[in-house]
Amino acid sequence: MIVTIIGTGYVGLVTGACLASKGHTVRSVDVSEERVNLIRAGQTPFYEPGLEELLRDGLTSGRLSVTTNLASAIQDSELSLIAVGTPAKGEDPDLSYLETAAAQIGEQLRTLGRYHVVAVKSTVMPGTTRGIVQATLEITSGLLLGEFGLCMNPEFLREGSAVEDFRVPDRIVIGQADARSGDVLDRLYSPYACDKLRLSLEEAELTKYASNSLLSVLISFGNELAGLCEATPGADLETVMEALCLDRRLSPTGPAGRVRPEILSYLRAGIGFGGSCLPKDVNALRVYGKRSSVATPLLDAVIATNTNRPAQVVSLVEAALGDLAGKTIALLGLAFKNGTDDLRSSPALAILDALEDGGARVQSYDPFVSAEAAARAGLQAPCGASLEAALHNADAAVITTADPSYRTADWARLTAGMRTPILIDGRNILRGVPLPAAVRYYPIGVGRQRIQPGGEIRTLPAIAAVH
Ligand code: NAD
Ligand code: UGA
């Protein structure tokens, strides 16, 4: 099938490269000439494992092309997938990119002279596809729905494992205005052997928000429990969670023993959720509820817990270190999670701001974020090229991304370069890792205690003051 994809961000580019690898002919379009040139040269505008190889394969085989010219890209295609950003703008998602893209497609449909399906892949509030998108397409094309097709096809990939998530989807959700439109998407995804659900447009839109909101609920529940454990002498969240998850309704026993559903990993406490989607999507669902006169106290609380989380982590730093003024803190992790260079709504940046507000000087390091990228994102704090540089002369370090390499780092050497070897582990990534005896190690979710090198737990009164 020949398919046009509007937008070459995380969703658009991954979708294009993966569909091309399945034999489709993909014409990708982006308004950014710089981005188009970069992609044409076989480079990805962001870090995503496996994407560059797939992209180059697609370009070499000719099954994937990239252009700024929508008119040429749509001429011989049967389907357009819209994958432009829908960032938060005040309370609502900013639909201006989506509206522009729909108008540009509509103008092409006016003279195309044959049936074409438009599918929204961007995450949008319920009613958006049948509302703004359909209306824009009808006005700009002069056609009526039915003369063109309309679908809503949400994407569930995660940054850092986007290619793998797309390659092996759990399910494909096809929201359809009518069966003829849905049939075209069904054909597009015929190489993928997973459940394909045919839903209404609104059900598809809601499924996407529901999915991200469920993850957020689990994360905030884990983080709230972390706070409760920290206030409870003798309690360790990891032990409590293990006991909780052994409930057979959460981890049923299969032929090979207990099955631990992957989603339970979202109960792990951390520094709060971030990124370009979870925060904006939970908020959008909450706002949608408000507009529809449906109360969403659970989602309100999820957001409140998450908003407070970076400050709680900073309280742990203060409890361990005392007044922040004049102190140097190493911040290990800038992106919103490990395995990506995406800084959008990163809780690590909220921690950075709070540390600086308290008068500390922050030296940062992130294995996926270069100093240039950090500077481009407007970061004032120095971003070093190594763990060693960030930790040099630091009074304490805060770990904010769970990079597995931290587990095998030489902490004896690294902490020797610190002024005081205090490690606050916002991701519990160093739990169980032998650390030098001099290191004061503070995991999260452990009640008023300090974990000694080798895993022995000892009460630490300083933490008691935190909560
Ligand atoms: P992004 O910001 O990384 O990329 C969007 C791209 O669209 C940009 O390159 C931009 O230049 C381009 N664009 C904007 N208007 C255009 C137009 N009129 N014509 C052509 N190109 C245009 O966005 P993203 O992270 O890929 O997210 C896209 C959508 O998918 C959002 O709604 C998001 O919520 C959703 N989503 C994102 C992820 C993710 O992991 N990032 C996962 C699932 C769903
Ligand atoms: C998330 C969803 O997992 C995807 O299914 C969805 O498609 C995507 O949002 C989207 O709509 O954009 P992503 O944001 O890439 O994907 O990352 P996740 O791995 O889900 O993590 C989200 C946030 O939760 C991160 O800040 C992460 O650090 C945090 N998190 C995750 C925790 O704090 N604790 C956990 O146990 C797991």
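Heads up: numbering here begins at 1 and tracks the sequence. Counting convention: from 1, in listed order, for ligands and their atoms alike. Heavy-atom basis, side chains included; hydrogens, waters and symmetry copies ignored.
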Trainee: List ligand 1 atoms under 4.0 Å from Glu159, heavy atoms only on the residue side.
Mentor: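 Contacts of ligand 1 toward Glu159, numbered from 1: 39 (C), 40 (O), 41 (N).
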Trainee: Geometry only, no angles: is Thr86 polar-contacting ligand 1 at N/O separations under 3.5 Å?
Mentor: yes
Trainee: What atoms of ligand 1 come closer than 4.0 angstrom to any heavy atom of Val29?
Mentor: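 Taking each heavy atom of Val29 in turn, ligand 1 has 20 (C), 21 (N) under 4.0 Å.
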Trainee: Hey, looking at atom 21 (N) of ligand 1, which of Val120, Thr15, Val31, Asp342 has the closest heavy atom?
Mentor: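 The nearest heavy atom belongs to Val31.
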Trainee: Could a heavy atom of Glu99 be found less than 4.0 Å from some atom of ligand 1?
Mentor: no
Trainee: Determine, considering heavy atoms only, which of Lys280, Glu159, Lys208 sits nearest to atom 15 (O) of ligand 2.
Mentor: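 Result: the heavy atom closest to atom 15 (O) of ligand 2 is in Glu159.
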Trainee: Where is the nearest protein heavy atom to atom 27 (O) of ligand 1: which residue, which atom, and how far?
Mentor: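 Nearest protein contact, heavy atoms only, for atom 27 (O) of ligand 1 is Val11 CG2, 4.2 Å.
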Trainee: Show the atoms of ligand 1 that are less than 4.0 angstrom away from any heavy atom in Leu157.
Mentor: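 Close to Leu157: 40 (O), 42 (C).
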Trainee: Check this for me - ligand 1, Thr123, N or O atoms closer than 3.5 angstrom, yes or no?
Mentor: yes
Trainee: Which residue from Thr401, Leu218, Leu157 reaches closest to atom 8 (C) of ligand 2 through any of its heavy atoms?
Mentor: Leu157
Trainee: Relative to the heavy atoms of Glu155, which atoms of ligand 2 are at a distance of less than 4.0 Å?
Mentor: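 Matching atoms, with element in brackets: 7 (O).
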Trainee: Heavy atoms only: which of Val84, Asp165, Leu13, Leu70 is nearest to atom 28 (C) of ligand 1?
Mentor: Val84
Trainee: Give the residue, atom name and distance (to 0.1 Å) of the protein heavy atom nearest atom 9 (O) of ligand 1.
Mentor: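 Going by distance alone, atom 9 (O) of ligand 1 is nearest to Asp30 OD2, 2.6 Å.
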Trainee: Please confirm whether Phe46 and Phe368 have ring centers closer than 6.0 angstrom.
Mentor: no
Trainee: Among Ala269, Ala162, Gly274, whose heavy atom sits nearest atom 26 (O) of ligand 2?
Mentor: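 Going through Ala269, Ala162, Gly274 one by one, Gly274 has the nearest heavy atom to atom 26 (O) of ligand 2.
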Trainee: Under 4.0 Å from any heavy atom of Phe336, which atoms of ligand 2 are there?
Mentor: 14 (O), 15 (O), 17 (O), 25 (C), 26 (O), 28 (O)
Trainee: Using heavy atoms and a threshold below 4.0 Å, how should the contact between Glu48 and ligand 1 be classified: side chain, backbone, both, or neither?
Mentor: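 None of Glu48 does.
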Trainee: Can you tell me which portion of Asp281 lies within the under-4.0 Å heavy-atom range of ligand 1? Options are side chain, backbone, both, or neither.
Mentor: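 The answer is neither.
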Trainee: For Cys277, counting its heavy atoms only, list the atoms of ligand 1 lying under 4.0 Å from any of them.
Mentor: 33 (C), 34 (O), 36 (N), 37 (C), 38 (C)
Trainee: Who's closest to atom 20 (C) of ligand 1 heavy-atom-wise, of Ile6, Thr100, Asn212?
Mentor: Ile6
Trainee: Where does Pro93 meet ligand 1, judged by heavy-atom distances below 4.0 Å: at the side chain, the backbone, both, or neither?
Mentor: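 Neither part.
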Trainee: On the ring face of Tyr192, is Lys22 found with NZ or CZ under 6.0 Å from the centre and within 45° of the axis?
Mentor: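 Verdict for Tyr192: a cation-pi partner in Lys22.
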Trainee: Which of the numbered atoms in ligand 1 are below 4.0 angstrom from a heavy atom of Arg35?
Mentor: 9 (O)
Trainee: Can you tell which part of Lys208 has a heavy atom less than 4.0 Å from ligand 1: side chain, backbone, both or neither?
Mentor: side chain
